[in-house]
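Below: one structure, written as structure tokens.
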Amino acid sequence: IFRGLVLVTSSMFFFSALSLMPIAEASAITFVSPLLLTAMSVWLLRERVRTSAWVAVCIGFLGVLIIVRPGGAVFTPAALLALMTAACFALYQLLTRKLAGVDSTLATLFIGAIVGTVVMTLVVPFFWRLPETAWHACLFLVMGMLGAGGHFVLIRAFEHAPASVLAPFVYAQLVSVLLLGWLVFDTFPDGPSLVGMAIIVA
């Protein structure tokens with residue numbers, strides 16, 4: 001239940017951050033989460049983190065900074081919201097690792113989803129607008145299925161590998177976003193973005 005609450009809190013912090021600062025700066029700060037996850041896995045899970053894991057997570061973060069090129073908004077009070085997003089997401093992954101093997105993957109996924117649904121149902125009446133078209137409704141359903149699928153494979157991954165080993169793979173999200181932006185919206189990544197992507201992949 002606590003894991004589900006942490007995930008909802010992470011999402012709320014991120015949406016709040018986006019309302020107050022540019023997406024590049026908010027994204028750069030939230031990608032501190034693999035560093036936090038690696039550090040917390042030593043402290044809370046008693047995992048031994050190899051030097052290579054620290055190097056991978058730090059170099060991956062350098063790649064992120066090259067891609068998003070954050071500006072002065074990183075140093076504003078609103079940045080604390082993005083930092084809380086990163087901390088909550090790292091804790092969410094840590095709890096996922098802690099529950100690995102305790103419950104089945106589907107049970108872990110289901111309980112987290114139920115907690116999120118209950119919490120957001122209390123908030124939704126104040127903000128909800130019905131989808132304007134059937135196509136929009138379909139997109140909501142697809143987004144939900146993709147989210148569930150992503151969390152399912154995340155839980156499975158934590159059942160098979162330590163948190164510190166999986167932490168750098170979070171950066172692949174940014175590479176995927178840039179590639180999808182090119183394929184779907186015809187926005188080809190610029191030179192620095194390609195360099196950052198290469199660093200993350202390496």
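In this chain, residues are counted from 1 in sequence order.
For the pair Ser10 (side chain) and Val6 (backbone), a donor-acceptor distance under 3.5 Å is absent. With hydrogens and angles disregarded, a donor-acceptor distance shorter than 3.5 Å links the side chain of Thr187 to the backbone of Gly181.
Residues Arg69 and Asp190 are in side-chain contact: their nearest non-hydrogen atoms beyond the backbone lie under 4.5 Å apart. Between Val170 and Leu37 the shortest side-chain heavy-atom distance does not fall below 4.5 Å. Using a 4.5 Å heavy-atom cutoff, the side chains of Phe152 and Leu106 are in contact. Contact of the Met197 side chain with the Leu179 side chain is registered, since non-hydrogen atoms from C-beta on lie closer than 4.5 Å. Asp103 is not listed as a side-chain neighbour of Phe110, based on a closest heavy-atom distance of 4.5 Å or more. Side chains of Met12 and Met84 form no contact here, defined as non-hydrogen atoms less than 4.5 Å apart.
Atom CD1 of Ile1 has 12 or fewer heavy atoms from other residues, nucleotides or ligands within 6.0 Å. For CH2 of Trp43, the number of neighbouring non-hydrogen atoms (other residues, nucleotides, ligands) closer than 6.0 Å is 12 at most. Heavy-atom neighbours of Phe188 CZ from other residues, nucleotides or ligands within 6.0 Å: above the threshold of 12.
Between Phe61 and Tyr171, the ring planes lie tilted relative to each other; the angle falls in the 30° to 60° range. Using the six-membered ring where Trp is involved, Tyr92 and His151 have ring planes that are perpendicular, over 60° apart on the 30 and 60° scheme.
Scored by the side-chain hydrogen bond (donor to acceptor under 3.5 Å, both in side chains) test, Thr96 finds Arg3 as partners (sequence neighbours excluded). Every side-chain hydrogen bond (donor to acceptor under 3.5 Å, both in side chains) that Arg129 has, sequence neighbours left out, goes to Glu132. Contacts of Val55 classified as side-chain contact (heavy atoms from CB on, under 4.5 Å), with partners at least two apart in sequence or in another chain: Thr51, Ile59.
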Starting from the C-alpha separation in whole Å, work towards a yes-or-no answer on side chain to side chain contact (heavy atoms under 4.5 Å, CB included) for Leu81 and Thr85. CA-CA 6 Å; Leu81 293 168; Thr85 301; 5.6 Å; no
Tell me, with the steps shown, if Trp128 and Leu130 meet side chain to side chain contact (heavy atoms under 4.5 Å, CB included). CA-CA 7 Å; Trp128 176 251; Leu130 285 170; 3.5 Å; yes
Evaluate side chain to side chain contact (heavy atoms under 4.5 Å, CB included) for Leu20 paired with Thr76, printing each intermediate quantity in order. CA-CA 10 Å; Leu20 297 170; Thr76 64; over 6 Å; no
Side chain to side chain contact (heavy atoms under 4.5 Å, CB included) between Met21 and Ile29, intermediate numbers included: CA-CA 11 Å; Met21 63 190 301; Ile29 296 167; 3.9 Å; yes
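Rounding to the nearest 0.5 angstrom, the gap separating the OG1 atom in Thr38 from the CD atom in Gln93 is 9.5 Å. Between Cys88 atom SG and Leu83 atom CG the span is 10.0 Å, to the nearest 0.5 Å. Going from atom OG of Ser164 over to atom CG of Leu35 covers 12.5 Å, rounded to the nearest 0.5 Å. For the atom pair Leu146 CG and Leu141 CG, the distance stands at 11.0 Å (nearest 0.5 Å). For the atom pair CG (Leu62) and CG (Leu65), the distance works out to 6.5 Å, reported to the nearest 0.5 Å.
The two atoms that bring Leu45 and Lys98 nearest to each other are CD2-CD, 3.7 Å, heavy atoms only. Counting all heavy atoms, side chain and backbone alike, Ala82 lies closest to Thr30 at O-CG2, 3.7 Å. Glu159 approaches Gly101 most closely through the heavy-atom pair CG-N, 4.2 Å. Here the closest heavy-atom approach between residue Val49 and residue Ala53 is recorded as CG1-CB, 3.7 Å. Counting all heavy atoms, side chain and backbone alike, Val64 lies closest to Ala28 at CG1-CA, 4.3 Å. Taking all atoms of both residues into account, the shortest heavy-atom contact from Ala167 to Val57 is CB-CG2, 4.5 Å.
Hydrophobic clustering (side-chain heavy atoms under 4.5 Å, transitive across Ile, Leu, Val, Met, Phe, Trp, Tyr) keeps Phe89 apart from Val119. Under a hydrophobic clustering in which Ile, Leu, Val, Met, Phe, Trp and Tyr are joined whenever their side-chain heavy atoms come within less than 4.5 Å, directly or via other members, Phe31 and Leu194 fall into the same cluster. There is no path of hydrophobic side-chain contacts, each under 4.5 Å, that joins Val8 to Val118. A continuous path of ILVMFWY side-chain contacts below 4.5 Å connects Leu166 to Leu91, so both sit in one hydrophobic cluster.
Under the side chain to side chain contact (heavy atoms under 4.5 Å, CB included) test applied with Ser193, the options Leu174, Ile66, Leu178, Val175 reduce to a single match, Leu178.
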